[in-house]
Novice: 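Pasting a structure here, questions to come.
Read the numbers this way: they start at 1 and go in the same order the structure lists the ligands and their atoms. Computation of the quantities below employed the complete heavy-atom set of this structure, encompassing side-chain atoms and omitting hydrogens, waters and symmetry-equivalent molecules.
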Amino acid sequence: MTKQNGPTKERELILDILMEILEYGGYSHVVLKKALDKHQYLEKQNRAFITRVVEGTIEYLLTIDAVIDQCSKTKVKKMKPVIRTILRMSVYQILKMDRIPDSAVCDEAVKLAVKRKFHGLKGFVNGVLRTISREKETFVFTDWSRKYSMPDWIIELWKQQYPAETVERMMQAFLEERPTSVRCNLDRASMEEILQSLEQDHVTVQKNPLADHALLLSGYDYLDAVTAFREGWITVQDVSSSFVGEAADPKPGDKVLDVCGAPGGKSLHIADKLAGTGQVVVRDLTENKILLVEDNIRRTGFTNIRAEVWDALEEDPSWEEQADIVIADLPCSGLGIIGKKPDIKYQVTKEDLEDLAELQKDILSVVWNYVKPGGKLIYSTCTIDHLENEDQRNWILETLPFEPVSIEGAFGSQIKEETMKDGYIQLLPGRYPCDGFFISAFRRKA
Ligand SMILES: C[S@@+](CC[C@H](N)C(=O)[O-])C[C@H]1O[C@@H](n2cnc3c(N)ncnc32)[C@H](O)[C@@H]1O
């Protein structure tokens, strides 16, 4: 680690990144990626340290704040934003990173406070952190909100919908370390070629237990430096999300419309499955989103896919009854991907769920008519919440001219749920080693 009189560069960066996320509402994955891209000169281990402390502090924020509040007269909410951020990132290191001596964490925190012109508060920072370090074995929370750092309203919502053990397992799973989940573009390269290339780049690879087309990667620095990624042989996509392509099960020559498709994960998978035949059109709301899709199309090199800006709420008569498959992977609350994007649990509100459910219905009311009679509609979300999932499926069956299509066996032998014969599944973290995801498949009645 780069040592200097002031705080280390890495800790200054962590402070800046966390300030942007926790005080100004930035998305953790976006802010972190931007910072790491800008500081590519940092060594791999320092970049890994930054990522771990930023992600960990956000994941455990409610637990960390409860610990600080127990040991400080001034409560976290009343503290100066810079000071509370220094304390939060330091408490994460004290509680969760054994290899760093607590005394070093305290010293660095004091240096950070001084560097950010809070000389007068260095005694306070030092005092709070030394107390926490001394008493750390005593912080045992039994209530789920502080134990798993989950807002009460989300716990209550899930407890109304699932058995308590399922909810607890889910929250435990969200806090587990996750390698990067990638899907292999098997029309671009064979699994053998991909594995060989990853090995040459010294990437640690595990087979994904849930699907033959998916791998779990770790031990790399940036993805852009991994040959298999640069060549477009792999795409970052959770295995649960790749099941949308499996449920769609496109046939050679199919015409597919993905109405809310950036950055293109599901569409690229379908383009891969179509093996150069058919046509996939990916739409999203803004030019910036479509640029992301186009980057991915360029990188993967598929020629049977294109992207365009289109508001899914706006009817497009040119697509009426034209699509063999419509993918409606709609905007949702994202409660299933809290493990990857932990800031979601603090940002989403109960009202958001209701607004999103309305938006999903509004979009579905337009896009269903693009499916040709006998064609398929796939409705999916990356959330865990009946209002956006099972209730929407029921609404589709009651309101639109669709019937369920069985997805039994569609995701390989490891995924078995009773509901699959009725054309839907709610994947739950903790039950399966993947994100929380909802997929439902329908056929338009002739
Ligand atoms: C869940 S994400 C899609 C992820 C994508 N299917 C994938 O696999 O990469 C939902 C997308 O819907 C887009 N979106 C939201 N409102 C929209 C609208 N009215 N029309 C088109 N796209 C919209 C968002 O910009 C976002 O990219």
Novice: Residues two or more places apart in sequence or in another chain: which of them pass side-chain hydrogen bond (donor to acceptor under 3.5 Å, both in side chains) with Ser28?
Specialist: Asp343

Novice: Side-chain contact, heavy-atom cut-off 4.5 Å: Arg431 with Met170?
Specialist: no

Novice: Is the ring pair Phe139/Phe141 parallel, tilted or perpendicular, if the boundaries are 30 and 60 degrees?
Specialist: parallel

Novice: Can you tell me if Ser90 uses its side chain to pair, donor with acceptor, with the backbone of Ile86 under 3.5 Å?
Specialist: yes

Novice: Roughly how far, to the nearest 0.5 Å, is CD of Gln161 from CG of Leu428?
Specialist: 10.0 Å

Novice: Enumerate the protein residues lying less than 4.0 Å from ligand 1, judged by heavy-atom distances, in chain and residue-number order.
Specialist: Val259, Cys260, Gly261, Ala262, Pro263, Gly264, Gly265, Lys266, Asp284, Leu285, Lys289, Trp310, Asp311, Ala312, Asp329, Leu330, Pro331

Novice: Within the 3.5 Å criterion, strictly below it, is a donor on Asp385 or Ser333 matched to an acceptor on the partner's side chain?
Specialist: no

